[in-house]
Amino acid sequence: MKTRIRTLLANGASGRECMVAGWVRSVRASREVAFVTLNDGSDMAGLQVVADQGLANFDSVCRLGTGAALRVHGTLVASPAAGQQWELHATIVEIIGEADDAYPLQKKRHTFEYLRTIAHLRPRTNTLGAVFRLRSRLAQAVHRFFAERDFLYAHTPIITASDCEGAGELFRVTTLDAVAPPLAAGQPDFEQDFFGQKTGLTVSGQLEGELLALAFSDIYTFGPTFRAENSNTPRHAAEFWMIEPEMAFADLADDAELAEEFIRYLCRFALEECADDMAFFDKQIEKGLLERIRQVAEADFVRMDYGDAIERLQRSGTAFSYPVEWGLDLQTEHERYLSEQVVGGPVFILNYPKEIKAFYMRQNSDGRTVAAMDLLVPKVGEIIGGSQREERLDRLTTRMAEMGISQEPLWWYLDSRRWGSCPHAGFGLGFERLVMYLTGMDNIRDVIPFPRTPRHAEF
RNA sequence: UCCCCAGUAGCUCAGUCGGUAGAGCAGGUGGCUGUUAACCACCUUGUCCGUGGUUCGAGUCCGCGCUGGGGAGCCA
């Protein structure tokens with residue numbers, strides 16, 4: 001029976017007979033003894049396998065290449081040398097899958113750019129292994145957080161016909177012939193398409209999430225999201241995962257409170273339950289990472305009105321590249337200044353001018369702002385965007401008319417304001433941005449196993 | 001999409017003033033009784049991103065293209 005290396009090391013007992021299986025990271029051979037570092041993905045360190053001339057295939061073991069797959073039977077013993085607590089004295093080494101000298105991963109540091117070209121193999125490296133382990137644990141922690149608060153996990157559609165969420169360009173979903181589609185008035189006739197109308201991949205589950213919140217009170221979505229934007233930055237991907245909670249009978253203050261608890265919970269989770277991998281990130285990826293995350297985990301998040309934020313920026317005397325003026329959106333440089341220089345920690349900016357925000361955000365009584373919030377954190381800037389939603393039908397339709405948004409395709413959304421409408425609020429968090437924030441990784445392409453970005457859909 | 005930078009051995013990089021390609025690692029062979037990205041000795045490896053131009057001569061200078069990276073915009 002195979003034992004996972006992480007489990008084996010956690011329950012180490014001298015003299016224990018066991019069998020492990022994994023991939024060779026390194027072979028150090030001399031005439032009479034060879035050391036094989038074996039990794040099965042369960043942890044960072046792997047297991048040192050000691051092979052000696054007593055093995056039937058000792059010569060073959062000495063010639064093993066990095067990357068080969070092995071099954072090893074042996075005895076776990078306390079290691080006499082520094083570097084590891086335990087080691088496995090092999091009695092049988094089965095070579096399951098060879099790896100010759102063309103194997104692209106070497107026993108050395110590679111650039112992330114190079115590793116992206118071998119995305120099919122990079123999960124076997126220390127860094128990407130740690131990132132994808134953390135990603136998995138973190139996804140489970142997200143579900144745990146909401147389950148502890150009795151939120152319903154909602155699956156919103158991936159194929160959608162609502163073209164007007166205002167959250168970016170849609171990927172078109174169609175089965176029409178791309179070369180010669182049926183035409184109506186010179187345009188492709190989507191009435192003859194699979195769904196009988198224009199459809200695309202979802203850019204947000206929020207609108208459907210609101211409908212579910214108006215039945216289950218508290219819900220969240222956590223699923224893939226698609227944006228056909230030609231964004232070429234380290235923070236954007238065409239396919240990413242988004243977390244979107246929505247709470248009925250809740251206002252903007254409740255929304256911010258949930259976001260604060262959520263971020264703090266995930267920071268603590270990473271520090272406490274992923275300590276080995278986090279220590280690796282702190283040492284190898286970003287010096288001071290643990291301290292940064294610890295501060296966020298313990299901080300009280302500041303709340304600041306958009307108007308105050310503008311004043312603070314104007315009074316700062318700092319020369320920004322982009323103008324600072326009431327009515328203009330905050331740029332990345334402003335967001336980072338507020339979080340890093342003004343506050344020195346996470347800060348919510350609340351109540352933005354209605355002109356720069358989406359139609360569904362609740363209009364404040366001042367007539368010029370909406371109940372929107374962004375959570376800004378050091379190093380990244382905006383990590384969460386949310387709002388209280390406009391629950392008053394007349395205000396909502398008036399605003400849609402002002403912004404030129406057609407009501408007809410959103411009849412179902414408007415119905416939710418017709419019967420049993422109530423104040424509700426929610427936010428959106430890009431999962432990859434969260435993983436980047438917690439690992440210190442600088443590029444979104446390195447926190448998704450197989451990233452999709454403009455011109456890149458390989459693997 | 002806009003601005004800036006880069007592309008040389010399998011990987012990471014150096015290459016001076018334009019004069020004909022070099023280092024570490026990886027790989028190979030041999031050595032080594034406990035190594036820690038093992039170590040020691042020797043050896044192998046090139047479409048200098050592509051294309052057009054300038055020049056007696058281009059890795060080096062110029063144009064165009066492709067690819068990658070950084071910044072911005074859009075945003076999560």
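All values derive from a computational prediction rather than experimental measurement. All heavy atoms count here, side chains included; hydrogens, waters and symmetry mates do not. Naming convention: chains lettered A, B, ... in sequence-line order (proteins, then strands); numbering from 1 in each chain.
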Query raised in the report: What's the closest nucleotide to the A:R116 side chain, out of B:rU67, B:rG69, B:rU35?
Result: B:rG69
Query raised in the report: Are the ring centres of A:H120 and A:F450 closer than 6.0 Å?
Result: no
Query raised in the report: Between B:rG70 and A:N443, is there an OP1 or OP2 to side-chain N/O distance shorter than 4.0 Å?
Result: yes
Report task. Whole angstrom is fine here: how far is it from CD1 in A:I118 over to C1' in B:rG68? Result -> 15 Å
Query raised in the report: Which part of the nucleic acid, if any, lies within reach of A:S26 when heavy atoms closer than 4.0 Å are counted: base, sugar-phosphate only, or nothing?
Result: sugar-phosphate
Query raised in the report: Given B:rG73, is OP1 or OP2 found less than 4.0 Å from the side-chain N or O atoms of A:T233?
Result: no
Query raised in the report: Of all the choices, B:rC13, B:rA26, B:rG73, which nucleotide is nearest to the side chain of A:Y322 once you look at every atom?
Result: B:rG73
Query - A:F320 CZ to B:rG73 P, straight-line distance once rounded to whole Å - result: 13 Å
Report summary line: Whichever of A:A238 and A:N230 has the more 5' nearest nucleotide on RNA chain B, that residue is A:N230
Query raised in the report: Could you give the CD-to-P distance, from A:E113 to B:rG68, as a whole number of Å?
Result: 11 Å
Query raised in the report: Quick one: does A:S231 reach the base of B:rC74 with a side-chain donor-acceptor pair under 3.5 Å?
Result: yes
Using a 3.5 Å cut-off and no angle test, enumerate the donor-acceptor pairs between side-chain atoms of residues 56-71 of chain A and protein atoms at least two apart in sequence or in another chain.
| residue | atom | partner | partner atom | Å |
| --- | --- | --- | --- | --- |
| A:N57 | ND2 | A:V93 | O | 2.9 |
| A:R71 | NH1 | A:E94 | OE1 | 3.3 |

Report task. Whole angstrom is fine here: how far is it from NE2 in A:H110 over to P in B:rC13? Result -> 12 Å
Query - Nucleotide opposite B:rU16 in a Watson-Crick or G-U pair, distances under 3.5 Å - result: none
Requested in this report: Compare side-chain N and O positions of A:S30 against OP1 and OP2 of B:rU35 and report whether any pair is under 4.0 Å apart.
Outcome: no
Query raised in the report: Distance between the C1' atoms of B:rA21 and B:rG15, in whole angstroms?
Result: 8 Å
Report summary line: Taken to the nearest whole Å, CG/A:L105 to P/B:rG27 is 12 Å
Query raised in the report: P atom, B:rC3 versus B:rG65: distance in rounded Å?
Result: 11 Å
Report summary line: In Watson-Crick or G-U wobble terms, with both distances under 3.5 Å, the base opposite B:rC32 is none
Requested in this report: Measure the distance from CG on A:D100 to P on B:rG10 and round it to the nearest whole Å.
Outcome: 15 Å
**Report entry** Residue whose closest nucleotide on RNA chain B lies nearer the 5' end, A:P104 versus A:G428
**Finding:** A:P104
Query raised in the report: Roughly how far apart, to the nearest Å, are B:rU47 and B:rA41 at atom P?
Result: 29 Å
Query raised in the report: Looking at A:R227, does any N or O in its side chain come under 4.0 Å of the phosphate oxygens OP1/OP2 on B:rC75?
Result: no
Requested in this report: Report the nucleotide, chosen from B:rG31, B:rC13, B:rG34, that has the shortest atom-to-atom distance to any side-chain atom of A:R31.
Outcome: B:rG31
**Report entry** Gap between atoms CD and C1', on A:E333 and B:rG73 respectively (whole Å)
**Finding:** 12 Å
Requested in this report: For the pair A:E246 and A:R389, find out whether any cationic side-chain nitrogen is under 4.0 Å from an anionic carboxylate oxygen.
Outcome: yes
Requested in this report: Could you tell me whether A:F431 and A:F240 have their ring centroids closer than 6.0 angstrom?
Outcome: no
Report task. Have a look at A:A34 and say if it touches a base, only the backbone sugar-phosphate, or nothing, with a 4.0 Å heavy-atom cut-off. Result -> nothing
Report summary line: Looking only at B:rU67, B:rG10, B:rG27, the nucleotide nearest the A:D101 side chain is B:rG27
Report task. Would you mind checking if A:D446 and A:R122 are paired as a salt bridge, meaning a charged N to carboxylate O distance below 4.0 Å? Result -> yes
Report summary line: Residue set satisfying side-chain hydrogen bond (donor to acceptor under 3.5 Å, both in side chains) with A:Y413, at least two apart, ordered chain then number -> A:E210, A:R417
Report summary line: When both distances are under 3.5 Å in a Watson-Crick or G-U wobble arrangement, the nucleotide paired with B:rC48 is none
Requested in this report: Would you classify A:A82 as touching base, sugar-phosphate or nothing, given that sugar-phosphate means primed atoms plus P, OP1 and OP2, and contacts are heavy atoms under 4.0 Å?
Outcome: base
**Report entry** Pairwise distance OH(A:Y322) to CG(A:D329) - rounded to 0.5 angstrom
**Finding:** 12.5 Å
Report task. For the side chain of A:R28, starting at C-beta, report the closest nucleotide among B:rU33, B:rG68, B:rU35. Result -> B:rU35
Query raised in the report: Does B:rU67 have a Watson-Crick or wobble mate here (both distances under 3.5 Å), and if so which one?
Result: B:rA6
Query raised in the report: Does A:R109 have a side-chain nitrogen or oxygen under 4.0 Å from the phosphate oxygens OP1 or OP2 of B:rC25?
Result: no
Query raised in the report: So what does A:E87 hit on the nucleic acid, given a heavy-atom distance under 4.0 Å: a base, only sugar-phosphate, or nothing?
Result: base
**Report entry** Counterpart base for B:rC11, defined by Watson-Crick or G-U wobble contacts under 3.5 Å
**Finding:** B:rG24
Query raised in the report: Does any N or O donor sit under 3.5 Å from an N or O acceptor when you compare the side chain of A:H236 with the base of B:rC75?
Result: yes
Query raised in the report: Quick one: which of B:rA72, B:rG34, B:rC32 gets closest to the side chain of A:R235?
Result: B:rA72
Requested in this report: Look at the side-chain N and O atoms of A:R445 and state whether any lies under 4.0 Å from the OP1 or OP2 oxygen of B:rG68.
Outcome: no
Query - Closest to the A:Q331 side chain, choosing from B:rU12, B:rU1, B:rG73 - result: B:rG73
Query - Between B:rC4 and B:rC64 - P atom distance, rounded Å - result: 12 Å
**Report entry** Cationic N near anionic O, under 4.0 Å, A:R149 to A:E261
**Finding:** yes
Requested in this report: Tell me whether the OP1 or OP2 atom of B:rG73 has a side-chain N or O from A:T332 closer than 4.0 Å.
Outcome: yes
Query raised in the report: Which one is paired to B:rA72, where only Watson-Crick or G-U wobble pairs with both distances under 3.5 angstrom count?
Result: B:rU1
**Report entry** Length of the line joining A:Q106:CD and B:rC11:P, which is rounded to integer Å
**Finding:** 8 Å
